[in-house]
Amino acid sequence: MVRVSKVEAESIAAELGIVPGTELLSVNGRELADFLDWEFLGADEELVIEARLPDGETVVYEVERPEDEPFGVELEPPTVRRCANRCEFCFIEGLPKGLRKNLYVRDDDYRLSFAYGNFATLSNLKDRDIARIIEYRLSPLYVSVHATPWEARKVLLNNPRVPNVVDQLARLKAGGIQYHSQMVIVPGLNDGDVLEQSFTDLWNLGDAVLSVAIVPVGTTQFSHLYTGKAMDAPNATRLLEVVERWEARALAERGDRWVFASDELYLLAGRELPGVEHYGNFEQIENGVGAVTSLRQRVAEGLDMLPRLDGKRIAVVTGISMAPLMPDLLAQIADRTGAAFEVVPTTNSLFGVTVTTAGLLVGADIRRALGGRTDFDMALIPAETINDAGLFLDDESFVAVRESFPFPVYPSYDFIDVLSLEGEPSLQAA
Ligand code: SF4
């Protein structure tokens with residue numbers, strides 16, 4: 001169902017009398033199943049739109065729309081396609097009980113893969129979906145491949161009915177679709193020969209595969225499905241060697257790195273992270289590929305924007321994995337501003353000590369990290385820990401946490417975002 005949630009004033013839709021709650025039924029004789037149909041079929045300049053108004057009346061609108069003039073509606077969010085897998089390493093299976101409901105939604109939806117860059121396994125893809133992807137040119141997609149050998153993939157995804165992903169990718173390639181891919185590596189299940197075969201199969205798909213991200217498995221204290229071995233320093237080192245061998249081949253034969261290891265893999269292996277030139281357009285940054293390098297770049301570029309902050313004492317709360325990287329970064333900011341920084345490495349009380357990412361710290365962790373301290377002028381916490389509604393993953397509100405301290409606390413992505421505003425009224429009021 002495609003239902004209007006908002007109508008822009010003075011838009012074509014408003015002039016037609018479309019109101020929030022109107023169902024859009026068909027465009028030019030083709031039924032609308034979801035937002036993709038509307039987006040693609042509704043892009044024509046001449047439209048015959050069948051709609052049902054909230055009072056039940058069915059109306060047919062004939063519209064000639066000037067090129068580039070938006071129709072003027074926003075749609076209700078789509079019903080998300082649920083995942084049919086139970087992956088070994090599924091983070092959602094590793095969540096504790098009692099969190100807010102939407103955190104437990106396991107989506108696996110090619111439409112969101114195209115629209116928002118969410119990774120999808122394509123396990124629930126039907127023939128008609130593939131036809132639709134090709135017709136609407138939903139490219140690039142973001143595909144969780146994990147392993148190409150069929151049997152290995154069934155085990156990893158805990159799903160005996162998972163289709164052969166190489167066949168699926170080949171059909172998409174034949175239809176002109178490209179994709180970024182990722183493999184979450186579980187030692188003993190999809191490293192070694194399975195990984196080698198996976199690289200070979202993806203390589204043979206040619207320029208349809210835009211990039212491959214290699215991400216080490218991460219488990220929480222609640223990951224009850226996990227049967228693999230731990231991802232430790234020797235495993236991470238071996239994986240990086242394989243990645244670098246394929247990277248060298250890709251650079252030599254195609255002039256492109258093609259495969260990227262996530263930051264965590266370098267950190268686990270105790271290796272220095274590559275520089276900015278390594279990551280190109282940072283295509284897989286949402287996957288933790290190049291995030292630290294990007295942060296370093298933003299800090300270096302933002303130093304000139306910072307005011308003097310002489311005498312200020314600033315706490316920086318972060319996760320255990322990022323803490324060793326902080327002193328170098330903060331030294332540059334201290335040099336420039338005169339402020340004194342204290343890194344406060346913090347363990348994760350909700351997911352357990354194996355989860356060391358700064359962005360997954362919860363409200364209780366921030367309270368614990370800064371509790372009892374009165375000697376700061378300001379504290380910066382990872383902005384990724386707070387959602388659009390101002391909540392941490394443990395449902396603590398940022399406002400409540402902030403108000404429990406005698407100094408201001410700011411969510412920050414890269415320090416520059418907050419410190420460059422120091423002294424501005426909007427910041428002082430926060
Ligand atoms: S595809 Fe796997 S990791 Fe993703 S939600 Fe489903 S079970 Fe979890």
Side-chain angles (χ1 to χ4, degrees), residues 77-126 129-130 133 138 140-169 172 179-191 194-195 198 202 212-231 262 264-265 284 286-289 350-352 354-355 357 359-360 387 393:
T79 313
V80 169
R81 279 203 188 187
R82 299 302 168 98
C83 162
N85 311 315
R86 293 196 78 207
C87 296
E88 277 276 324
F89 46 79
C90 180
F91 191 77
I92 294 166
E93 294 283 351
L95 290 176
K97 291 195 170 73
L99 303 180
R100 54 184 177 272
K101 270 192 186 154
N102 61 358
L103 293 175
Y104 299 98
V105 174
R106 295 185 307 156
D107 70 284
D108 197 11
D109 194 325
Y110 70 90
R111 302 169 308 167
L112 305 186
S113 173
F114 172 70
Y116 305 115
N118 295 9
F119 275 93
T121 66
L122 311 184
S123 325
N124 53 10
L125 217 60
K126 305 279 186 299
D129 298 320
I130 292 188
I133 290 170
L138 304 186
L141 292 176
Y142 291 77
V143 182
S144 287
V145 171
H146 301 319
T148 58
W150 201 353
E151 290 310 314
R153 197 162 190 260
K154 287 178 191 173
V155 171
L156 272 167
L157 272 58
N158 258 325
N159 181 359
R161 290 198 299 277
V162 70
N164 184 333
V165 76
V166 180
D167 289 349
Q168 290 182 307
L169 294 175
L172 292 172
Y179 23 83
H180 294 281
S181 63
Q182 70 160 348
M183 290 193 265
V184 174
I185 303 299
V186 177
L189 290 188
N190 61 341
D191 53 358
V194 174
L195 181 61
S198 300
L202 291 174
V212 186
I214 300 299
V215 182
V217 64
T219 55
T220 77
Q221 59 179 329
F222 305 103
S223 296
H224 58 108
L225 296 177
Y226 193 66
T227 62
K229 297 178 194 141
M231 178 60 78
S262 77
E264 204 185 339
L265 210 49
Q284 296 237 23
E286 297 294 329
N287 220 350
V289 174
L350 186 65
F351 299 116
T354 55
V355 175
T357 316
L360 291 174
N387 72 4
L393 279 169

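These numbers come from a predicted model, not from an experiment. Just follow the structure's listing: the first ligand is 1, and inside any ligand the first atom is 1.
Ring to ring, F91 and F222 are not that close: their centroids are 6.0 angstrom or more apart.
Judged as a salt bridge (Lys or Arg N to Asp or Glu O under 4.0 Å), and not counting sequence neighbours, the contacts of E93 are R86, R106. The side chain to side chain contact (heavy atoms under 4.5 Å, CB included) search around D129 returns R81, Y110, L125, K126, not counting sequence neighbours. For R153, the salt bridge (Lys or Arg N to Asp or Glu O under 4.0 Å) test picks out no residue, with sequence neighbours left out.
Residues S113 and N118 have side chains that never bring a donor and an acceptor to within less than 3.5 angstrom of each other.
For atom 8 (Fe) of ligand 1, a protein heavy-atom neighbour is found at a distance under 4.0 Å.
The shortest side-chain heavy-atom distance between F119 and V145 does not fall under the 4.5 Å cut-off.
Distances shorter than 2.8 Å separate atom 2 (Fe) of ligand 1 from the protein N/O/S atoms C87 SG.
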